[in-house]
Amino acid sequence: MAKTQLGARVDEDVAELAKQRAADLGLSIGDYLARLVQDDASGLRARAVDAAARFLAEHQAVFDEAEEAQQAPRGARAA
């Protein structure tokens, strides 16, 4: 497949994040950006966010209990 060059201006912090994330994944910046666009266009990102939201909604009580247990003073017990 032929490649086309695109140009975009982003804030320096965004550029650094993109470079670091691409490096973490072992990708070039171009390949990393292409993956982001493909994931977005395919709806993969939206489905993942929806799945995470459903998971949190279904299990919020467990997270709330864990948070409360961490905030309780040591030696204190729930009634």
Side-chain angles (χ1 to χ4, degrees):
M1 177 182 289
K3 300 239 179 186
T4 299
Q5 184 170 342
L6 299 173
R9 294 188 186 278
V10 297
D11 292 335
E12 288 181 27
D13 58 333
V14 172
E16 281 305 312
L17 286 171
K19 289 176 188 175
Q20 184 59 54
R21 189 65 182 129
D24 291 346
L25 295 170
L27 299 171
S28 69
I29 298 232
D31 288 343
Y32 174 63
L33 294 175
R35 179 187 283 189
L36 290 176
V37 170
Q38 288 169 340
D39 288 353
D40 182 54
S42 72
L44 179 62
R45 287 198 180 297
R47 289 192 307 271
V49 169
D50 288 345
R54 281 192 312 275
F55 176 85
L56 288 174
E58 290 173 16
H59 303 288
Q60 187 61 52
V62 174
F63 292 107
D64 291 344
E65 284 180 28
E67 187 174 347
E68 288 172 11
Q70 287 181 337
Q71 292 176 356
R74 292 189 184 249
R77 295 186 181 239

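No hydrogens, no waters, no symmetry mates; every other heavy atom, side chains included, goes into these values.
Nearest heavy atom pair, residue Leu27 against residue Tyr32, reads CD1-CA, 4.0 Å. Nearest heavy atom pair, residue Ser28 against residue Ala22, reads O-CB, 3.9 Å.
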Using distance only, find each side-chain donor-acceptor pair of residues 37-52 under 3.5 Å and give its atom names and separation, not counting sequence neighbours.
unit_1	atom_1	unit_2	atom_2	d
Ser42	OG	Gln38	O	3.2
Ser42	OG	Asp39	O	3.1
Ser42	OG	Leu44	N	3.3
Arg47	NH1	Ser42	O	3.0

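Rounding to the nearest 0.5 Å gives a distance of 5.0 Å between CD of Gln71 and CD of Glu67. Interatomic distance, CD of Gln70 versus CD of Glu65, reported as 12.5 Å (0.5 Å rounding).
A centroid separation of less than 6.0 Å is found between the aromatic rings of His59 and Phe55.
Within the structure, every pair that satisfies the salt bridge (Lys or Arg N to Asp or Glu O under 4.0 Å) test and touches residues 8-34, not counting sequence neighbours, is listed here: Lys3-Asp31, Glu16-Lys19.
No continuous path of hydrophobic side-chain contacts links Leu33 to Val14 [ILVMFWY only; heavy atoms under 4.5 Å].
With sequence neighbours left out, Val62 forms a side-chain contact (heavy atoms from CB on, under 4.5 Å) with no residue at all.
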